[in-house]
Every structure is written in structure tokens, then in C-alpha cells.
Amino acid sequence: MQTAEIRDKYLRFFERHGHVVVPSSSLVPENDATTLFTGSGMQPMVPYLLGAPHPKGTRIADSQKSFRSQDIEEVGDNRHTTFFEMLGNWSLGDYFKTEQIPWMFEFLTSELSLDPKRIYVTCFRGNDVINKDTESAEIWQKLFTEKNIDATIVDFPERDGMQSGRIFYYDEKKNWWSRAGVPSNMPVGEPGGPDSEMFWDFGEHLNLHEKSAWKDEVCHVNCDCGRFMEIGNNVFMEYIKTENGFEKLKQQNVDFGGGLERLAAAVGDDPDMFKIDVLWVLIHYLEEMSGKTYGESADVTRQMRIIADHIRASVFLVSDGVIPSNKDRGYVLRRLLRRSMVAMRMLGSQADWVPNAVAAVILTYKTAFPVLGENTAIITKVIEEEKNKFSATLDKGLKEFNKISSQHAITGTDAFNLYQTFGFPWELTRDLALEAGQRPDEEEFKAEFKKHQDLSRTSSAGDFKGGLADHSEVVVRYHTATHLMQKALRQVLGEDVWQKGSNITSERTRFDFTFPRKMTEEEKAEVERLVNSWIFRDLTVKREVVSLDEARKRGAIGLFGEKYADEVSIYTIFDPKTNEVVSLEFCGGPHVEHTGTIGKFHIQKEEAVSAGVRRIKAVIE
Ligand code: SER
């Protein structure tokens, strides 16, 4: 079954159940400054879930174009993509669990003919405030039982039950949905609710325990081993966070979201997302262009996946008005295009591939998204121009490479210099060199890399201005990430955490703070999670110059023991929609304008500096 047919079946099915099918909103959110891109189907629906009347009524369905920039670096494995379509249906104060769950079951098992024996579901197990969702679990149980399937309900992590269960209760980390995550992270005014998710079982043979994040546990539907894949999420959105905790919204909503590509992978019963028709068409084209075969080596597979995902996403982004640049959305698009161009070089293809790759995407999607057809010329031009710009840099590097390799075999140090000057990744130099029968030393490359890092550390340690090595775009992103990290540390470890110093280069941020003991793994993970959730929410960063009194009154924090002038510069990182202030610090800047451009935050090391002072080294990826 083709992806287009699944999309069509879904929309027609919900149309038959009284829904109005609306077109996808733009990837560039309208009237929503909180985020750079539309990343889910429900994002454009928030006002209506809160009670504003939708012009098309109380039953809406669509297939929403979605883009998640935080997944760029993950692309290359068999399941991550930056662009995807999210099928959605909404009850805006209309039907609820007793309709939604049987409809979904019917859609999956009758319309898509998925074997119900290979579908598993999860429900919310409740917390101190909100009850366990037994109603959903019982509806599911009845549906499975009617198909003669044993439908035991199990509380995760009831170890022995994991093998025989069908319906699993999980806590709020897995089965509560709000844009901000778990209930305690939700700002006042944010809607949310328990959810019930559906999973497809690709088969026991895929239970790759050694790769599982839960390797000491029995495999279960939410583990990452690759056996199970979430194919849809029914959110029963009936709560709102208030000053006093949780209250019922004035209406009970259903917010269903299901990744179209994931459903197609389940229907095709192949966990490799790139085998579905809409992506395979590009992979096939890349095979023809390069003369290589998908699957012939891990590198080739990875490069083809990167190009297929990034070019598809770029076509949709340009069609929605995004142009490559060094800022915000344009910067993300530029990264996608440059990454795919490097991957294309590594595949060894010299041909003029842009118009054909773009045409392949447009041809695949123009029936569902006619605007792509109308924008073909502009999309091709924008992508072509960016390719030409970047090609010039790549070409210069290639010339240098040829010069060196004609004089002597490329060494690890040469590879590092090519990386440093022209942005050549290690793999690119290695593969060029291998063709010429040369074998640069990877260890030497890594050693040079490290030497450079150490050098930049020592040379800049003495004369950092405000802790920053320079004001380059990367350093500025690290700087804002450091503010978020300080806030997260105070939230996780307590208000006795104070900054003692910082030192930020283009490779990492180093942050010293007061705290009496080693941080636990859980504490580090929580700090990372908090910082990444703020990055994901694409908060606004604002500078103001105020009196010292006012800054103190507003609770600004700064370097421990530092003296400040009467007029001070402060930076606020806040959610412009709710005005929730996440971070407020005395600081001279500079900072990014939106946290969404920072990248993914990761703590590399936490260690002692002296008694009562700890040091974190963290990177953004
Ligand atoms: N809001 C849910 C999600 O985005 C379902 O649409 O996953």
C-alpha cells in the first residue's frame, strides 16, 4: 500500500465519521512566535483545544507537514527523519474515548489491514492528582477480546507481565501529553492530558537487546531496541494547568497524532523508514546517480538516508518560504542543504543532481500538496544557488587536497587542515584518499583535533571577555546554552548553586559552580532534559538595560560575589506566549535571539575543581 493511499484512507475514514478535512498549515507557524517550525499536527490547533470556536466545526482531520530540527543529527539510522507528515483528528469538545479508541482500532485493523495480534497499546497509570485511565484500558481490552486476542492489562514495569501483556500502564513520562512534557513542566495556561499510544510489533527477531537503552530489562513496547514502533497517539486533552494545579478544561478534547511514514513502515512491515515509497523513490534515484547500492556499506546507506531526508525537507521548507541564511529558519535550511551536499560528494556523485532530486520529491508529493508543483521553479533555483555557493568552498578544498596528495600521501594532519580550513569531514578526506590508494591515519587526525582544542583553550583562557572566546555564531549559541544550563542546575540541585566562572569556546562550554558533591547520573540527565526542552520550545531571548535595583528586584542572578554598576544589562529568556521567564541573568551578551537555533545540548563531564566547586563541560550538537 502506497503512502498516499494510507493518507487518503485515513482522511476519508474520518470524513465518514463527520470530520471536516482541512489542508495542512505551513511549516512556518502563523501567529506563533514560540517556535521556528510546525513540529506536530496539534500545534496549529492549540487555540481551538483551549475553547476558541474552529470555523469548520468540532470534528477536524488533516495531514500536517511537520519538521523537527532537533533531529537533524540523528538522521542516518533507519528511523529518524526531520520532515514527516502527521495524520491528525480532533474532537473539539465533541466525542471522547468511547468513540476515538474503537475508530482507531477499526482504522488500523480494517482500513490498513494491520494484524491486531501485532498491535500493543499503552495507557496512563495516574499520578497524585490525576486518576489512572482505566476507562481507555478497558475499551482496548474489549476490542482485542472481540478479536479473540488475550488482552491482559499490565502495570509497567511488572517484569513478568511484559511478555504476556497487551495493554500497559505507564507513568506520566510516557503517557501524559502536553507541549511542555510532564505535568510539572507545564506552564500555567498550558493544556494537556493522559494519552493512549499504539505500537506496531516488527517481530521478536528484532529484539536487539544489546542496543536497548533498557538492556537489563525485559524488552517492552517503549524500549528503544527496534522491535516496537509507536504508530499513533490519542491524547485525551481535558486538563489545563492553573496557579492552583490542574483544572478540567471547559471541554473534553481528543487530539490524535500519528506519523504517516511510520504507519507506512508498519503496513510494509519493514522497520527501515527509508524503504517506504515516498523516500525510496529518492534512494533509488541516488543509486542510479552514484552507481552504488543502498545497503552495500554502512557509509553508503547513511549518506543516502541523509540526502533523501534532507532534500525532501528542504523542498518543503523552501516551498513554505524559507530561504538559506545564517539565522533562524534559514540557518537550519542551510545546514540541511550543506549536509546533503557533503554526503553527495562522499557518495562520489559529480552529476548535476539538484533538479532531478527536487523533481523526484515534487512528483511524489504534488497531488497531496499542489503548491509544490506551482513552486517547482523557485524551489529548484533556491536549492541550486545554495549548492553553487557551497560547491565553491568544496572545490577549493578539493584542489588543495589534490595538490597535497600529488606531493605525498595524505596524512592525518593534512586531513585535519582540510577540515579546519574547508570544513571537510574526516570521512570525505578518507574516501578521496582511499580512491588514490592512500590511507590517512585517523588517530593522527584525532590527535590534531585534540591539540587544536587544547591550544584554543590555553590561548584564550587568559583573555576571555565575559568568558567568551570570541563572538562567533557558535560561541554565541554556547553562551545562551550556558544560561539555560545555569537555570537547570539551580532547578535540579537547588538555589545554592551559584556560578563561579565560565569559559566558552566554539567547541564547548565550561562552567564552574558552587555545589558540595558529585552530581548523580539522574541529576545530569534531568539538567540535559530541561535545557533541551527549553531549546525545543524556541524561547525568546531579550536584552534590557535597567537599574541595579530593578534587576535585583526582578530576581536576576549573576556571578557569585561580582560587583555591578548602577545601570546593568540583563538577559531574559522567556516564553512570549505565556510570559513565563525561564532565565534572568546579569550579562553583557551577546546571545541568540531564539533558543531554537542552539542545537542539542549534552553534558560531557562533571568533575571537582576545588572543595565545594564543581565543573561541567558540555557541548551542543
Ligand atoms: N499532540 C500529540 C502529538 O503531537 C498528538 O497529536 O504527538
Side-chain angles (χ1 to χ4, degrees), residues 7 10-11 13-14 19 21-22 24-25 27 29 32 34-50 54 58-71 79-97 99-101 103-104 107-108 121-124 133 136 170 172-183 185-187 190-200 221-222 228-241 249 251-263 266 533 536-538 577:
R7 185 197 296 115
Y10 174 82
L11 296 175
F13 179 84
F14 279 93
H19 290 66
V21 174
V22 298
S24 170
S25 300
L27 284 170
D32 182 356
T34 60
T35 163
L36 280 185
F37 298 104
T38 303
S40 70
M42 64 83 72
Q43 207 166 299
M45 300 297 290
V46 174
Y48 312 113
L49 293 164
L50 287 169
H54 193 290
T58 54
R59 296 183 178 200
I60 309 292
D62 72 3
S63 181
Q64 173 63 47
K65 296 176 280 189
S66 306
F67 178 80
R68 295 194 175 168
S69 59
Q70 64 274 27
D71 284 343
R79 56 171 82 194
H80 278 94
T81 60
T82 54
F83 173 88
F84 59 99
E85 278 178 73
M86 198 177 248
L87 299 177
N89 65 270
W90 288 272
S91 157
L92 303 169
D94 190 320
Y95 57 87
F96 207 45
K97 299 175 186 177
E99 291 88 354
Q100 175 65 16
I101 295 175
W103 283 344
M104 276 322 302
F107 174 69
L108 295 177
V121 297
T122 61
C123 299
F124 180 53
D133 187 7
S136 293
Y170 281 83
E172 60 193 27
K173 287 199 196 100
K174 293 287 177 196
N175 280 90
W176 174 271
W177 203 91
S178 81
R179 287 182 301 174
V182 292
N185 269 1
M186 290 166 63
E190 186 69 17
D195 70 35
S196 179
E197 302 183 359
M198 298 158 305
F199 292 80
W200 176 249
V221 292
N222 265 315
F228 295 97
M229 179 179 68
E230 184 205 321
I231 49 174
N233 185 9
N234 306 283
V235 184
F236 299 112
M237 200 173 271
E238 58 171 333
Y239 294 98
I240 183 160
K241 180 95 170 255
L249 278 165
Q251 62 190 43
Q252 285 184 319
N253 304 295
V254 174
D255 157 28
F256 169 78
L260 174 61
E261 290 84 347
R262 287 175 169 226
L263 282 166
S533 74
F536 178 55
R537 279 167 63 194
D538 199 29
K577 234 174 156 184

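Just so you know, ligand 1 is whichever comes first in the structure, and atom 1 is the first atom listed for that ligand. Heads up: numbering here begins at 1 and tracks the sequence. Worth knowing before you read on, the calculation uses all heavy atoms, side chains too, and leaves out hydrogens, waters and symmetry mates.
Atoms CG and CZ, on N233 and F199 in that order, are 8.5 Å from each other to the nearest 0.5 Å.
For Q252, the side chain to side chain contact (heavy atoms under 4.5 Å, CB included) partners are F96, E238, not counting sequence neighbours. Residues that satisfy the side chain to side chain contact (heavy atoms under 4.5 Å, CB included) test with P191, not counting sequence neighbours, are L50, M237, L249.
Put simply, the side chain of V46 reaches to within 4.5 Å of the side chain of R179, judged on heavy atoms.
Ligand 1 lies under 4.0 Å from heavy atoms of S40, M42, M86, W177, N233, V235, D255, F256, G257.
Ring pair F107/F13: centre-to-centre distance below 6.0 Å.
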Review item, side-chain donor-acceptor pairs of residues 84-92, under 3.5 Å, at least two apart:
unit_1: E85; atom_1: OE1; unit_2: R7; atom_2: NE; d: 2.8
unit_1: E85; atom_1: OE1; unit_2: R7; atom_2: NH2; d: 3.4
unit_1: E85; atom_1: OE1; unit_2: S63; atom_2: OG; d: 2.7
unit_1: E85; atom_1: OE2; unit_2: R7; atom_2: NH2; d: 2.8
unit_1: N89; atom_1: OD1; unit_2: Y10; atom_2: OH; d: 2.8
unit_1: N89; atom_1: ND2; unit_2: Y95; atom_2: OH; d: 2.9
unit_1: N89; atom_1: ND2; unit_2: Q100; atom_2: OE1; d: 2.9
unit_1: W90; atom_1: NE1; unit_2: D255; atom_2: OD1; d: 3.1
unit_1: S91; atom_1: OG; unit_2: D94; atom_2: N; d: 2.9
unit_1: S91; atom_1: OG; unit_2: Y95; atom_2: N; d: 3.0
unit_1: S91; atom_1: OG; unit_2: Y95; atom_2: O; d: 2.6

